[in-house]
Amino acid sequence: MCYAGWCHCQEGYYGADCSLSLDEQGRPQQLEGMGFVPAPGGPRIYIYELPPRFTTHKNLDKFDRPLYAHLWKRIISSGHRTLDGAAADYYYVPVDFRYLFSEAAQVLSYVADTWPWWNATGGARHLLLSTSDLGGCEGKQLMRIRNATARSVWVTPWGLTRKHPRVWWPGCHRPGLDVVIPIPAQTPSMLMTPLNPKVKPVERNITFYFAGKICGDNKDPKADTSAWPICQTPANPLYSAGMRQAVYFHHSRRPGYTIVPRSRSYVADMSAARFCLAPTGGGHGKRQVLVARFGCVPVPITDFVLQPYEPELDWAAFSVPVPEADVPRLHHILAAINDTALARMQRAVACASKHLWWSSMWGGLFGDDGRYDAFATLMEILRVRAEHPDTPPERYRAVDERFRRFADCELDEEPPSGVRLCTYGYDRELVRLAPTAYCGWREYGKWGIPGGAICEGADNLARCPRPWQ
């Protein structure tokens, strides 16, 4: 039973979620008597048990990005957790460094003082999560932590290529030293309208689409786009690296292009567009995740910024990255993509979009089964990294056939039977549109269904479906 963030375990059990106990020989075991089986092939991840003030005493309802808790429970329910730290491929520190502020250094000190593996590895193979808009560069404390953990694996929405010439904050980005896995922004399906796959798809008659905030001053752009600047005030000119403003300035009046500050038909518009702008915002942004999920080919425009799971995933196959300097030529770049190439990209984005969505945590939109979701993709990348430590991530497809088949959504010819993710949702009026029953998540709040949406209906956490295995 959990009260105010503290789990009071039944006698004989311990751990932040009371899932641990000791066997007859005094060795730790997890989910005793529930039929737990380790995930075959790994990766094996050791989760540090930290003082509750760093973890469960945090009010998750005040977190706008509770990803650290959802990764925590999915590592357990997917079978990737190991209790043998000496045999672990990775070590997960179950906090979000974005929210720790002055406690961040205390967490790492506690880990180093309590277990041998931080000091033994120099911090290598330790998974450190930050959901901040600017990764390890959001605030002085995060910069200090990042600069002190050069060998750790940062899991964050914000990743930069090693050729990045910009210095956003002094001492933050150190090309060649950081080990970063860029992840998709967490976008709960409850924020989107679920679509029944039996509904006939609409014709894609919009060439290029974007709806959303354009100017950093939170005001609508000027109606007159004949002269720059198009924002009403000079406030926050670096919002989205200036790219939303530039695209609006050059293309908002172009036939076939819909670029507006808001829309009442956002999902329908994305579903009717061929190409969709996928810019940054105040931070990395999440448009590439949203538009891809609805079949629109993403058009990222931010130099040197890595997209989610890039370069492990071949973004050139399902998106159109445009250099910032080429924004005035955007219409020529898109016009050069013929129908055959577009159809090939649309097939690729149908697969890639599954890798960008945390569906096993937050439910599916189209009756998904979770085989290729963002969590499974993270596990696959970590597996290949452990098995091929000297291989650059852009070559994972070439050296690991399973990863190539996984990345191309080709693990199985037929989907697993009996595995269809429930659908998260707030609005009961939309139940009729959902491809599956709504998830029973409300009693859990932002912690979500124990083990993730994929565990809905399972007898216990050890019995959650594992369709990717």
Side-chain angles (χ1 to χ4, degrees), residues 39 66-67 69-80 183-199 201 267 270-271 286 289-295 308-309 349-380 406-407 409-428 430-469:
L67 184 59
H70 294 278
L71 279 178
W72 188 355
K73 66 183 182 181
R74 282 296 292 127
I75 292 172
I76 296 173
S77 65
S78 63
H80 288 287
I183 56 173
Q186 190 179 17
T187 308
S189 356
M190 62 177 69
L191 301 180
M192 306 300 294
T193 304
L195 296 182
N196 194 312
K198 296 181 180 179
V199 176
V267 171
M270 282 192 295
S271 302
K286 58 188 176 185
V289 175
L290 296 178
V291 301
R293 200 70 190 97
F294 287 86
Y309 298 138
V349 84
C351 166
S353 66
K354 299 175 183 179
H355 297 309
L356 306 180
W357 201 265
W358 302 93
S359 58
S360 67
M361 298 179 182
W362 283 102
L365 289 177
F366 305 101
D368 320 46
D369 57 40
R371 277 180 298 166
Y372 304 109
D373 88 317
F375 176 80
T377 304
L378 178 59
M379 293 300 102
E380 273 295 292
F406 178 90
C409 302
E410 296 176 353
L411 281 186
D412 306 288
E413 293 183 3
E414 297 293 333
S417 60
V419 181
R420 295 189 74 203
L421 295 173
C422 57
T423 302
Y424 265 65
Y426 281 122
D427 193 341
R428 293 295 173 182
L430 297 178
V431 170
R432 60 186 175 82
L433 296 175
T436 56
Y438 267 12
C439 302
W441 63 271
R442 291 174 178 268
E443 63 179 296
Y444 305 108
K446 281 193 174 181
W447 281 98
I449 296 166
I454 200 167
C455 297
E456 173 86 329
D459 292 338
N460 57 59
L461 252 62
R463 299 293 186 182
C464 300
R466 301 179 185 178
W468 61 93
Q469 295 176 5

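Quick caveat, the model's predicted, so the values are computed rather than measured. Below, all heavy atoms of this structure are taken into account, side chains as well, without hydrogens, waters or symmetry copies.
Closest non-hydrogen pair, Arg463 versus Ala458, comes out as O-CB, 3.9 Å. Closest approach of Gly367 and Arg420 over heavy atoms only: CA-NH2, 3.6 Å. Between Ile454 and Pro465, the shortest heavy-atom distance links the atoms O-CD, 3.1 Å. Residues Phe406 and Tyr372 come closest through the heavy atom pair O-CD2, 3.6 Å. The shortest heavy-atom contact between Cys455 and Pro450 is CB-O, 3.4 Å. Across every non-hydrogen atom of His70 and Met361, the tightest pair is CB-SD, 3.5 Å.
The line from CZ of Phe366 to CZ of Phe294 is 4.5 Å long, rounded to the nearest 0.5 Å. Rounding to the nearest 0.5 angstrom, the gap separating the NE2 atom in His355 from the SG atom in Cys409 is 4.0 Å. To the nearest 0.5 angstrom, Leu421 atom CG is 14.0 Å from Trp362 atom CH2. Considering OH of Tyr444 and NZ of Lys73, their distance stands at 9.5 Å, rounded to 0.5 Å. To the nearest 0.5 Å, atoms CZ (Arg74) and CE (Met379) are separated by 9.0 Å. Ser77 contributes atom OG, which lies 11.0 Å from atom CD1 of Ile449 (distance to the nearest 0.5 angstrom).
Looking only at atom types and distance, the side chain of Ser360 has a donor-acceptor partner in the side chain of Asp373 under 3.5 Å away.
Side-chain atoms of Tyr309 come within 3.5 Å of backbone atoms of Ala374 as a donor-acceptor pair (strictly under, hydrogens ignored). With hydrogens and angles disregarded, a donor-acceptor distance shorter than 3.5 Å links the side chain of Trp358 to the backbone of Pro184.
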Item checked: Worked verdict on Thr377 versus Trp357 for side chain to side chain contact (heavy atoms under 4.5 Å, CB included) -> CA-CA 10 Å; Thr377 304; Trp357 201 265; over 6 Å; no
